[in-house]
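These notes concern the structure reproduced below.
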Amino acid sequence: MNENGTLAIFTPKNPEAIELIRHDAAHIVASVVQKLFPGTQVTIGPSTDDGFYYDFARDKPFTPEDLEAIEKAANEQIKQDVPFTRREVSKEEALDLFGKLGEKFKLEIVEDIFNKGATTLSLYEHGGWVDFCLGPHGPSTGRVGVIKLTSVAGAYWRGDHRNAQLQRIYGTAFFTQKDLDAWVTQQEEARKRDHRKLGKELDLFAFHPAAPGAVFWTANGTMLFTILQQAMRTMCLANGYVEIKTPLLYNKMLWEKSGHWGKYRENMFLILDPEADPALPEEERASFSLKPMNCPSHHLFYEMKRKSYRELPLRLHTQDVLHRNEATGVLSGLTRVRQFQQDDAHIYLMESQIADEVAALTKLIAKVYDAFGLTFTAKFATRPEKKIGDDALWDKAEAALKAALEQTGLPYELKEGDGAFYGPKIDFDVADSIGRKWQLGTIQLDYVAPERFGLEYIGSDNAAHRPVVIHRAIYGSFERFIGILIEHFAGNFPVWLAPVQAVIVPVVERQEAWADEVAAKMRAAGLRVEVDKQNSKLAAKIRDAQLAKVPYALVIGDKEVEAKAVSPRKHGTGKDADLGLIAIDDWIATMTKEAAIPY
RNA sequence: GCUGGCGUAGCUCAACUGGUAGAGCACCUGACUUGUAAUCAGGAGGUCGCGGGUUCAAGUCCCACCGCCAGCUCCA
């Protein structure tokens, strides 16, 4: 340790400590890999949220068997308890060292580090294997309890797909085997919540190879979808929006005007002109495209009629179907699809109205997420490389959106270069069951589109002015949002959202008449119920209802028929699950309350 | 799109180093009339993702394609 260093004592209880041993683990794995597979080049290997990875350059891929061998050797090195030593070297020494080792990628990083103004480089060595690293590392490999390798995957050098593809080995490390076992169990639990698994089990949706990335919604899934649609519609209407519908298919002239043709075409499904010369490239033969976003249609809609400043903010809401030709490798259940519907809106307003509108929107988004108990993180994303509009407009848009965001007091993370091609945005992310974060809601500020579409409103001065546009979605897309909800609730939807809210269970056939009457009464009250007339025992029917995660099973035997009542059983096990005999009208009143949409 | 893995009945999964596909659940039929997580018996159900190839013989080996999974690039 040098004289200016900071001293921090890490014990296994520190949250930093686990990160530290995972970084140690990355070094251990890399050293083992180079021992087992001579000629493999090392690159970088950081710790992640629940483990670490290390990227290697090697001609042959690592097989699952290789991974086992690496894991075994890594854990042996832990047992040997090899010390880590640290020393500092100059640029020349570093270049000399990694040059002699023939580590091309390391040399590249060394250059970068010193170009950024570093004067020395810290090296960490253990068992004769050396890597440079900011550190800190533990005193010896023995401090890492156990290493488990989880997968291999391709990754591009410096995250750029134009660069060489490396092989990334993922793994994790814990202080004890017990911690590792607990983590494995937790991973298994998380996988039980996977919406793709639950979607099948609860009969919510399906996919078919004939339509990759497009959802078949079952009756249950469609119910979820339409409840969410209706809830959003109602909320939008209450907040000054109007809902409109626009075409799905447009002449490419629209996309040229909006800028999608230049910046987004590879994601668009093109309709080719049958008359066109087949020798021409596809984009030149294209005459129409399915819309990948609603914005251009809304801009067209806006300009169809003269607008007055008195109409602003004009809030257009749409739930139309969108198609995006996503790369095959990115499709994933409901969270990444090719055909989807957003709870989209475009708000046309004056610059002076931006701050209030953004504040109102963040409030609305928080209200909706709260209703589901979802926790989110906000990201502020600035201009990307692939963009339209000049820097002056972007400066203005970024400054305005940032100011509005800061006024709300919401904590946020800055994501440079992550904005939409037409404007900066605030994204709202929610994590899925295995911790992957998905973008749901978004607020995007756009000065470019009004220019391109020549949008105007007549001000109080009787002159034409240019409005600004806010693109926003709260759920994001219905598909992704439902995927997240399934995992969030583990399929146990609250009454208001459950596709089937109650199953009526007659004990034997002679009670079916009252069961049907109860069903009719409940349906008349707007509740979604089914009668289980299967020829099976009560216990079996209860089990079916439990497995289907229906909020209530309403048992009807002779007592209930006699009393014009039901005996509800709540989904779940506790001893208070059985609610006892309740008169039908009282029960309908109770359930109707629980069925109310909370936003 | 890239790297790796996977694809057997509606679902979950078996089938030794190649020898011609099997279980449970679900489904259908019948019996049983049952009070809070599985009643019993019988039956039906598969071009082993698709197309080629190797072989006397392919679910099993090889090639190409399609789809799915993990990750990367990209994104709601």
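Scope of the values below: all heavy atoms of this structure, side chains included, with no hydrogens, waters or symmetry mates. Chain A is the first sequence line, chain B the second, and so forth, proteins listed ahead of strands; every chain is numbered from 1.
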Taking pairing as Watson-Crick or G-U wobble with both contacts under 3.5 Å, can you name the mate of B:A58, or confirm there isn't one?
none
Within this structure, what is the CZ-to-P distance between A:F376 and B:A76, rounded to whole angstrom?
18 Å
Contact class for A:G159 vs. all strands (heavy atom < 4.0 Å): base, sugar-phosphate, or nothing?
sugar-phosphate
Considering every strand shown, what is the Watson-Crick or G-U wobble mate of B:U36 when both distances are under 3.5 Å?
none
Would you kindly check whether a donor in the side chain of A:R336 faces an acceptor in the base of B:C74, or vice versa, at under 3.5 angstrom?
yes
Could A:R58 and A:F62 be counted as a cation-pi pair, given that NZ or CZ must be under 6.0 Å from the ring centre and within 45° of the axis?
yes
Looking at A:S151 and B:A70, is any side-chain donor or acceptor paired with a base atom of the opposite kind under 3.5 Å?
no
Which is true for A:G483 with a 4.0 Å heavy-atom rule: it touches a base, it touches only sugar-phosphate, or it touches nothing?
nothing
Grab the N/O contacts between the protein and nucleotides 44-49 of chain B below 3.5 Å, and write none if there aren't any.
none

Would you classify A:K425 as touching base, sugar-phosphate or nothing, given that sugar-phosphate means primed atoms plus P, OP1 and OP2, and contacts are heavy atoms under 4.0 Å?
sugar-phosphate
Counting Watson-Crick and G-U wobble pairs only, both distances under 3.5 Å, name the nucleotide matched with B:A41, or none.
B:U29
For B:C72, take OP1 and OP2 only and decide whether either is under 4.0 Å from a side-chain N or O of A:R162.
no
Under 3.5 Å between N/O atoms: give me all the protein pairs with nucleotides 3-7 of chain B, atom names plus distance.
residue: B:U3; atom: O4'; partner: A:Q165; partner atom: OE1; Å: 3.2
residue: B:U3; atom: O2; partner: A:G154; partner atom: N; Å: 3.2

When the distance from CG of A:L440 to P of B:C75 is rounded to whole Å, what number comes out?
17 Å
Quickly work out the A:I44 CD1 to B:G71 P distance and round it to whole Å.
17 Å
Measure from the side chain of A:R196, starting at C-beta and using heavy atoms only, and say which of B:A70, B:G71, B:A76 lies closest.
B:A70
Nearest whole angstrom, please: distance from the C1' of B:A76 to the NZ of A:K437.
16 Å
A:F52 six-ring face occupied by A:R22 cation (under 6.0 Å, within 45°):
no
Within the structure shown, what part of the strands sits under 4.0 Å from A:E479 by heavy-atom distance: base, sugar-phosphate, or nothing?
nothing
Would you classify A:R168 as touching base, sugar-phosphate or nothing, given that sugar-phosphate means primed atoms plus P, OP1 and OP2, and contacts are heavy atoms under 4.0 Å?
sugar-phosphate
If you assign A:F207 and A:Y475 each to the RNA chain B nucleotide with the nearest heavy atom, which residue ends up on the more 5' nucleotide?
A:F207
Residue pairs passing the side-chain hydrogen bond (donor to acceptor under 3.5 Å, both in side chains) test where at least one lies in residues 545-555 of chain A, sequence neighbours excluded
A:Y552-A:E594
Under 3.5 Å on both distances, the Watson-Crick or G-U partner of B:U17:
none
Pi stacking test for A:Y170 and B:A70: under 5.5 Å apart, planes under 30°
no
Quick one: look up who B:G24 pairs with, Watson-Crick or G-U, both distances under 3.5 Å, and put none if it's unpaired.
B:C11
Show each protein N/O and nucleotides 62-65 of chain B N/O combination with a separation under 3.5 Å, one pair to a line.
none

Phosphate-side-chain proximity, A:R324 and B:C75, N/O vs OP1/OP2 below 4.0 Å
no
Go ahead and name the base partner of B:C6; Watson-Crick or wobble counts if both distances stay under 3.5 Å, otherwise write none.
B:G67
Respond yes when some side-chain nitrogen or oxygen of A:Q439 is under 4.0 Å from OP1 or OP2 of B:A76, and no when none is.
yes
Nearest-angstrom distance, P atom, B:U12 to B:C65:
27 Å
When you get a sec, tell me which of B:A70, B:C72, B:U73 is the closest nucleotide to the side chain of A:S332?
B:A70
Can you tabulate the close N/O pairs, meaning under 3.5 Å, that link protein atoms to atoms of nucleotides 33-37 of chain B?
residue: B:U33; atom: N3; partner: A:E509; partner atom: OE1; Å: 3.3
residue: B:U33; atom: O4; partner: A:E509; partner atom: OE1; Å: 2.9
residue: B:U34; atom: O4; partner: A:N535; partner atom: OD1; Å: 2.9
residue: B:G35; atom: O6; partner: A:D558; partner atom: N; Å: 2.9
residue: B:G35; atom: O6; partner: A:K559; partner atom: N; Å: 3.3
residue: B:G35; atom: N1; partner: A:E560; partner atom: OE1; Å: 3.0
residue: B:G35; atom: N1; partner: A:E560; partner atom: OE2; Å: 3.4
residue: B:G35; atom: N2; partner: A:E560; partner atom: OE2; Å: 2.7
residue: B:U36; atom: O2; partner: A:R569; partner atom: NE; Å: 2.8
residue: B:A37; atom: OP2; partner: A:R569; partner atom: NH2; Å: 3.1
residue: B:A37; atom: N6; partner: A:Q546; partner atom: OE1; Å: 3.3

Residue pair A:R480/A:K200 against RNA chain B: nearer the 5' end by closest nucleotide is A:K200
Parallel, tilted or perpendicular for A:Y53 and A:Y170, by the 30°/60° rule?
tilted
Return the nucleotide paired to B:C50: Watson-Crick means purine N1 to pyrimidine N3 with N6-O4 or O6-N4, wobble means G-U with N1-O2 and O6-N3, both under 3.5 Å.
none
So A:V505, base contact, sugar-phosphate only, or nothing? Heavy-atom distance under 4.0 Å.
nothing
Tell me the partner of B:C74, counting only Watson-Crick (N1-N3 plus N6-O4 or O6-N4) or G-U wobble (N1-O2 and O6-N3) with both under 3.5 Å; none if nothing fits.
none
Is it the case that B:G71 (base atoms only) and A:Y156 (side chain only) share a donor and an acceptor within less than 3.5 Å, ignoring hydrogens and angles?
no
Please tabulate, one pair per line, all N/O donor-acceptor pairs under 3.5 Å involving side-chain atoms of residues 201-208 of chain A, not counting sequence neighbours.
residue: A:E201; atom: OE2; partner: A:K197; partner atom: NZ; Å: 3.2
residue: A:H208; atom: ND1; partner: A:A210; partner atom: N; Å: 2.9

